[in-house]
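Below is one structure, written out as structure tokens; comments come after it.
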Amino acid sequence: MSTIISAVQDFSLLASVQLALVVAVTVGFLVLFKPLLRGCVRAAVLVVKPKLSKEERLQRRQMRDAMMLKRMLNRNECNPSHAAELRAMASRA
């Protein structure tokens, strides 16, 4: 607690103006280079987790549909309303 009080007592008007200028310049650079920084972040994300190709996305969607169909077929309760849904999914798979 005493260090905070001593730091506040040593804080002068000139130091506060310098701090405000540094914050303003930093925010200005961030606003100015926001598209560049966003692009760098997106590129880093793509390096870590690359996008799936069109074929891989199609295979993943087909696998998800097949698994959902299997889950629906394995359920004990089979409502008639699910029958049309199951037929539509089976025709896609």
Side-chain angles (χ1 to χ4, degrees):
M1 184 70 179
S2 64
T3 57
I4 295 172
I5 294 172
S6 66
V8 169
Q9 287 176 348
D10 292 338
F11 204 67
S12 66
L13 181 64
L14 183 62
S16 64
V17 170
Q18 286 177 343
L19 180 64
L21 284 174
V22 167
V23 168
V25 168
T26 304
V27 169
F29 274 120
L30 285 176
V31 168
L32 182 65
F33 292 111
K34 185 177 178 180
L36 178 66
L37 294 172
R38 187 178 290 159
C40 290
V41 168
R42 284 184 182 176
V45 167
L46 284 176
V47 165
V48 173
K49 183 183 173 191
K51 275 180 122 176
L52 297 175
S53 68
K54 199 178 252 188
E55 293 83 19
E56 289 171 332
R57 287 192 308 253
L58 177 65
Q59 288 175 351
R60 195 170 276 194
R61 186 175 69 233
Q62 287 174 344
M63 180 63 75
R64 187 179 59 234
D65 288 346
M67 294 297 288
M68 188 184 337
L69 182 63
K70 187 179 275 191
R71 270 196 313 268
M72 290 176 79
L73 287 173
N74 287 336
R75 271 198 220 153
N76 291 337
E77 64 208 40
C78 198
N79 295 338
S81 64
H82 289 163
E85 217 174 319
L86 289 171
R87 280 194 298 270
M89 288 174 64
S91 69
R92 280 193 309 226

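Worth saying up front: this structure is predicted, and the values here are computed from it rather than measured.
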**Q.** Partner of R61 under side-chain contact (heavy atoms from CB on, under 4.5 Å), chosen from M63, R57, R64
**A.** R64
Q | Common cluster, V17/V25, ILVMFWY with side-chain heavy-atom separation under 4.5 Å | A | no
Q) Considering the options L14, L13, L19, which one meets the side-chain contact (heavy atoms from CB on, under 4.5 Å) requirement together with S16? A) L13
Q: Answer yes or no: are there more than 12 heavy-atom neighbours, outside R60 itself, under 6.0 Å from its atom CZ?
A: no
Q) What about L37 and V27, same hydrophobic cluster or not, with Ile/Leu/Val/Met/Phe/Trp/Tyr joined at side-chain heavy-atom distances under 4.5 Å? A) no
